[in-house]
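Beneath this line is the structure, given in structure tokens, with notes to follow.
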Amino acid sequence: MKKLLIALAMSTAAFAAPASAAPASAAPKLKIGATVYGLNAEFMQIWTSALKQHPAVKSGEVEVTVFDGRYDALVQQEQFNTMITQKYDAIIFVPMDVEAGAAAVQAAHDAKIPVVGSNARVNSDLLTAYVGSNDVEAGELEGKAVLDKIGCKGNVVIIEGPIGQSGQIQRLEGNQKALKACPDVKVLEMQTANWSRAEAQKLMENWLVSHKGQINGVIGQNDEMALGAIEAIKAAGLNDKDFAIAGIDGVTDAINAVKTGDMASILQDANAQAQGSLDIAIKAVKPDYQPQSPIWKQYPSMGWADGTAKNYLVPWTPVTTGNADQLLEARTKL
């Protein structure tokens, strides 16, 4: 009997040992989703890569899932529904449409899931915060680059982003601010190419025919479209350096085009926007969280503000022949 009791005691101890040896309670991995307007072009690919390189993701503290919105607000709405049903802890939102995206934010808010806006704005006061850049400022900067090169005289065309997206709305506002300072400049055409290089090339091909010899400058609201305009100019047998051309984002081909004097560009830091958004999203779920991304030291003007501010604006960096190689080198580390 004594031997049996000893055996039972040892058996019970052995059964209990794993529980007592394990941590009292391992912190559950946070599940955070990001729906972005589209992944066809380089900028959002860089943004997505940066999100996945965040220290909290690499350490396993956070699991991130990125959804391709396929340039369709309805698709993004369905992606929100999926994340709500699957009880994601937080959502990062790069919306296709400034108005249509509000319903998705409302649905997440009703489900008590925090939503952090990034890169593009949505008309909702229910966002936990917004992490992006001032698109009005960028539009004015690129407009000024084109207008300075043509001496505030002549004719320009404006290639817009998707109508109704905040980037298109705000960059156009900036373009128009720059144009007000040059009343002698005429805008010959203004149409959307939906952030697409191929669509912009077709537009520019048509404009070079319908306004033969009249176009002096091209204001592309992103780099992809500015690069499409350059391809159209070259295909027409013209010298692109005879035109003033500018874009926004600082994608790789645009940085190289700045180096060769083909265009002007302004870097929009996708890395800072993505990683800053994730830090804010984690903070919304874990109140004692401290930011792990190095971007807060890189841009001290943003100010962490204990993760409670409503707007975090990443500064723009004009691309120059002096900083182009440094920017390209930084990109290889993403």
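- If you check the side chains of Thr260 and Asp262, you find a donor sitting under 3.5 Å from an acceptor.
- More than 12 heavy-atom neighbours from other residues, nucleotides or ligands sit within 6.0 angstrom of NZ on Lys310.
- Under 3.5 Å, the side chains of Asn119 and Gln268 contain a donor-acceptor pair of N or O atoms.
- Hydrophobic clustering, with ILVMFWY side chains joined whenever heavy atoms are under 4.5 angstrom apart, groups Met302 together with Val116.
- The nearest pair of heavy atoms linking Ala56 to Ser59 is O-OG, 3.2 Å.
- Side-chain contact annotation: Gln273 with Ser133, donor-acceptor N/O pair under 3.5 Å present.
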* Carefully, step by step, assess Phe43 and Glu224 under the rule side-chain contact (heavy atoms from CB on, under 4.5 Å). => CA-CA 9 Å; Phe43 180 82; Glu224 295 290 344; over 6 Å; no
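- Looking at Thr35 and Gln79, their side chains do bring a donor and an acceptor atom within 3.5 Å of each other.
- Under a cut-off of 6.0 angstrom, the local environment of NZ in Lys241 is crowded, with over 12 non-hydrogen atoms contributed by other residues, nucleotides or ligands.
- In this structure the side chain of Thr85 never reaches within 4.5 angstrom of the side chain of Thr82, judged on heavy atoms.
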* Should Asn40 and Arg197 be marked as a side-chain hydrogen bond (donor to acceptor under 3.5 Å, both in side chains) after you check the CA-CA gap, both sets of side-chain angles, and the distance that decides it? -> CA-CA 11 Å; Asn40 286 351; Arg197 191 181 305 197; over 6 Å; no
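- For Asp135 and Arg171, the salt-bridge test passes: some basic side-chain N is under 4.0 Å from an acidic carboxylate O.
- Looking at every heavy atom in both residues, Ile245 comes nearest to Asp240 through CD1-O, 4.0 Å.
- Judged purely by distance below 3.5 Å, without hydrogens or angles, the side chains of Asn155 and Gln214 never pair a donor atom with an acceptor atom.
- For the residue pair Glu42 and Thr252, a side-chain donor N or O sits within less than 3.5 Å of a side-chain acceptor on the partner.
- Under the 4.5 Å side-chain contact rule for hydrophobic residues, Leu208 and Leu227 share a cluster.
- The two residues Leu51 and Ala274 make their nearest non-hydrogen contact at CD1-O, 3.4 Å.
- A ring-ring contact (aromatic ring centres under 6.0 Å, His included) check over residues 70-112, counting only residues at least two apart or in different chains, returns the pairs Tyr37-Tyr71, Phe80-Phe93.
- When side chains are defined from C-beta on, Lys29 does not count as touching Glu61, because their heavy atoms never get closer than 4.5 Å.
- Across all their heavy atoms, Ala324 and Lys259 have their closest contact at CB-CG, 3.4 Å.
- Separation of atoms CD (Glu63) and CD1 (Ile32) is listed at 10.5 Å; rounding is to 0.5 Å.
- Cluster annotation: Ile92 is connected to Val57 through the hydrophobic network of ILVMFWY side chains, with a link wherever side-chain heavy atoms come within less than 4.5 Å.
- Separation of the Trp296 and Tyr312 ring centroids falls under the 6.0 Å cut-off.
- Under the 4.5 Å side-chain heavy-atom criterion for ILVMFWY residues, no single connected hydrophobic cluster contains both Ile248 and Met190.
- Trp47 and Ile282 fall within the same hydrophobic cluster, defined by Ile, Leu, Val, Met, Phe, Trp and Tyr side-chain heavy atoms under 4.5 Å apart, directly or through other members.
- Sorted by first and then second residue, the ring-ring contact (aromatic ring centres under 6.0 Å, His included) pairs with a member in residues 201-249 form an empty list; sequence neighbours excluded.
- Between Ala229 and Val218 the shortest heavy-atom distance is CB-CG1, 3.9 Å.
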* Just do the side-chain contact (heavy atoms from CB on, under 4.5 Å) check on Leu179 and Val187 with the steps written out, would you? => CA-CA 9 Å; Leu179 285 162; Val187 178; 3.7 Å; yes
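- Checking Gln275 against Asp279 by side-chain atom types alone, no donor-acceptor pair falls below 3.5 Å.
- Using a 4.5 Å heavy-atom threshold, the side chains of Met204 and Glu189 count as separate.
- Minimum heavy-atom separation, Ser118 to Pro95: O-CD, 4.3 Å.
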* Passes side-chain contact (heavy atoms from CB on, under 4.5 Å), Lys283 versus Asp306? Steps please. -> CA-CA 9 Å; Lys283 174 71 175 182; Asp306 199 30; 3.2 Å; yes
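- Remark: side-chain polar atoms of Thr332 are paired, donor with acceptor, to backbone N or O of Glu329 under 3.5 angstrom.
- In the model, Gln221 has a side-chain atom that pairs as donor or acceptor with a side-chain atom of Asn175 under 3.5 Å.
- To the nearest 0.5 Å, atom CD1 of residue Ile159 and atom CG of residue Asn194 are 11.5 Å apart.
- Note that CD of Gln86 is 9.5 Å distant from CE of Met83, once rounded to the nearest 0.5 Å.
- Applying the 6.0 Å contact sphere to NZ of Lys177 captures no more than 12 heavy atoms from other residues, nucleotides or ligands.
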